[in-house]
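Here the structure comes first, spelled out in structure tokens, and everything after it is commentary.
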Number of protein chains: 2
Amino acid sequence: MLEQMAGHLIRRLHQRSTQVFQSEMQKAGFDLTPVQFAALEVLRTNPGIDQASLSAMIAYDRATIGGVIDRLEHKGLVERAVSESDRRARILNLTESGRRVVESALPVVRMLQTEILSNLDDAERKQFLAFARQALSQELE
Amino acid sequence: MLEQMAGHLIRRLHQRSTQVFQSEMQKAGFDLTPVQFAALEVLRTNPGIDQASLSAMIAYDRATIGGVIDRLEHKGLVERAVSESDRRARILNLTESGRRVVESALPVVRMLQTEILSNLDDAERKQFLAFARQALSQELE
DNA sequence: TACATATAATAAGTATACATACTTTAAATA
DNA sequence: TATTTAAAGTATGTATACTTATTATATGTA
């Protein structure tokens, strides 16, 4: 019954995805959640953006990102500064440690993506991901 | 970059899934989260199970289910009683109100499943869900 | 039967996730 | 320029989600 429902299957996939992420990352010696990694990776390629831009880019709301950045700042991976041009905004940048961590984590994160869908072969996985992107075409725009 | 990653796409799908669920259910006049509905639906077809069995059936850990049942009990949809045969266990049953709510919510929940994947046509959606089940074959068994 | 082990549930702690309200600051406009 | 409106971030509250520890109760075994 539930097993037939898209919502249930998607939730189970998400659950598997985060479990694989956590266990593979821990195995590789990293203490990062999926959101924390996503934030660091976006800051690596977009240094100096503010929290609102970051949350738009990875599709989290502002309140959630505020907490994520709190924890990354506390770990010494991100620095937060009041914007000169807009004193409401907080400008974000990786610290040196933050840069080292994302750069070394990136290959591990790339690897673990196929592990999430390890029951699909290469062609099936590509097809599945193409369907996923199509399902999200509005959101990903 | 992130958009290429399975984990990111799956998270976005999950996000869309819960958003569609919340908005469609609210539109239909129901105040139920996806987990709460899943719990009620399993209790409808498996009355009298305990919390551990329920959490195994919908793949949540016991701690999470404890809180979910708290809220359903508070809404008057579920009753919790100490098991006669095992006094550690809590036997769960729908109340009359709980039964009415699941039964009337079920068609709405069925409908909204296709809305979650509305950018896929029927054949694509079937194929996508088949891949999802295959990806989860170990977990679902 | 006594003891070790295992299980059901709860408690406590961390981290998403989102809605709503509030404060501060910018931008638009009358 | 004064006022309205909007945007950035924080605070608060609710609901997952999971980990580890604790308590109560069963069960397996010496």
Side-chain angles (χ1 to χ4, degrees), chain A residues 7-8 10-23 25-26 31-39 48-75 77-78 80-92, chain B residues 7-8 10-23 25-26 31-39 48-75 77-78 80-92:
Chain A
H8 183 74
I10 290 169
R11 181 181 68 79
R12 297 298 304 275
L13 279 175
H14 184 236
Q15 188 178 42
R16 177 179 168 95
S17 172
T18 58
Q19 281 166 359
V20 168
F21 188 98
Q22 297 287 12
S23 82
M25 287 293 272
Q26 188 176 344
D31 174 32
L32 288 178
T33 66
V35 207
Q36 289 170 12
F37 169 79
I49 60 175
D50 63 11
Q51 293 184 197
S53 307
L54 174 60
S55 53
M57 280 179 180
I58 56 182
Y60 284 93
D61 66 8
R62 292 195 318 259
T64 300
I65 287 303
V68 172
I69 296 299
D70 279 348
R71 288 179 282 277
L72 288 174
E73 195 179 23
H74 204 258
K75 287 183 192 176
L77 303 178
V78 163
R80 199 170 0 197
V82 173
S83 165
E84 296 290 320
S85 58
D86 182 346
R87 304 217 327 257
R88 294 168 303 179
R90 300 290 176 276
I91 292 306
L92 304 174
Chain B
H8 183 74
I10 290 170
R11 181 181 68 77
R12 296 299 304 275
L13 279 175
H14 183 237
Q15 190 178 41
R16 177 179 168 95
S17 171
T18 58
Q19 281 166 0
V20 169
F21 188 98
Q22 298 287 11
S23 82
M25 288 293 270
Q26 187 176 345
D31 174 32
L32 288 178
T33 66
V35 207
Q36 289 171 11
F37 170 78
I49 59 175
D50 62 10
Q51 292 185 194
S53 307
L54 174 60
S55 54
M57 280 179 181
I58 56 182
Y60 284 92
D61 67 8
R62 291 198 317 258
T64 300
I65 288 302
V68 172
I69 296 299
D70 279 348
R71 290 179 283 277
L72 288 174
E73 195 180 23
H74 204 257
K75 288 182 192 175
L77 303 179
V78 162
R80 197 167 4 195
V82 173
S83 165
E84 296 289 322
S85 56
D86 184 344
R87 303 217 328 255
R88 295 169 302 180
R90 300 291 177 277
I91 291 307
L92 304 174

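Worth saying up front: this structure is predicted, and the values here are computed from it rather than measured. So that the names make sense, note that chain A is the first sequence line, chain B the second, and so on, each numbered from 1.
For the pair B:Glu73 CD and C:dA9 P, the computed distance is 13 Å after rounding to whole Å. Distance, B:Gln26 CD to C:dA19 P: 10 Å, rounded to whole Å. Whole-Å rounding puts the B:Ile58 CD1 to D:dT16 P distance at 10 Å. Following rounding to the nearest Å, A:Asp50 (CG) and D:dA7 (C1') show an atom-to-atom distance of 10 Å. Rounded to an integer number of Å, the gap from A:His74 NE2 to C:dT14 P is 11 Å. Here C:dA8 presents its P atom at 18 Å from CD of B:Glu84, a figure rounded to the nearest Å. Here the P atom of nucleotide D:dT16 and the NE2 atom of B:His14 are 11 Å apart, to the nearest Å. Rounded to whole Å, atom P of D:dA17 lies 9 Å from atom CD1 of B:Ile65.
Below the 3.5 angstrom threshold, one finds no donor paired with an acceptor across the side chain of B:Arg88 and the base of D:dA24. For B:Arg90 against C:dA9, no side-chain N or O and base N or O form a donor-acceptor pair under 3.5 Å.
An OP1 or OP2 oxygen of C:dA15 is reached within less than 4.0 angstrom by no side-chain nitrogen or oxygen of A:Thr33. For B:Gln19, a side-chain nitrogen or oxygen approaches OP1 or OP2 of C:dC18 to under 4.0 Å. Between B:Arg71 and D:dT16, a side-chain N or O to OP1/OP2 separation shorter than 4.0 Å is present. The side chain of A:Arg80 contributes an N or O atom lying less than 4.0 Å from OP1 or OP2 of D:dT10. Contact annotation: A:Gln22 side-chain N/O to D:dT19 OP1/OP2 distance is not under 4.0 Å. Using a 4.0 Å cut-off, some side-chain N or O of B:Arg87 falls inside it from OP1 or OP2 of D:dT25. Residue A:Gln51 has a polar side-chain atom (N or O) positioned under 4.0 Å from OP1 or OP2 of D:dT10.
Using a 4.5 Å cut-off on side-chain heavy atoms (C-beta onward), A:Lys75 and A:Asp31 make contact. Looking at heavy atoms from C-beta onward, B:Leu54 lies out of side-chain contact with B:Val68 at the 4.5 angstrom threshold. Residues B:Ile49 and B:Met57 form a side-chain contact, since some pair of their non-hydrogen atoms from C-beta on lies under 4.5 Å apart.
Nucleic acid contact class of A:Ala89 (heavy atoms, under 4.0 Å, all strands): sugar-phosphate only.
Across the interface with DNA chain D, nearest-nucleotide mapping of A:Gln15 and A:Ala52 shows A:Ala52 to be the residue nearer the 5′ end. Map B:Ile91 and A:Ser85 each onto its nearest nucleotide of DNA chain C; the residue landing nearer the 5' end is B:Ile91. Both A:Asp86 and A:Tyr60 lie near DNA chain C, and the one whose nearest nucleotide falls closer to the 5' end is A:Tyr60. When each of B:Ser83 and A:Asp70 is assigned the nucleotide of DNA chain D bearing its nearest heavy atom, the one mapping closer to the 5' terminus is A:Asp70.
Using modelled atom types and a 3.5 Å distance limit, the side chains of A:Asp61 and A:Thr64 yield a donor-acceptor pair. No side-chain N or O of A:Arg16 forms a donor-acceptor pair with one of A:Gln19 less than 3.5 Å apart.
Between D:dG9, D:dT16, C:dC18, one nucleotide has an atom nearer to the side chain of A:Arg62 than all others, and that is D:dG9.
Judged purely by atom type and a 3.5 angstrom limit, A:Arg90 uses its side chain to pair as donor or acceptor with the backbone of A:Arg88.
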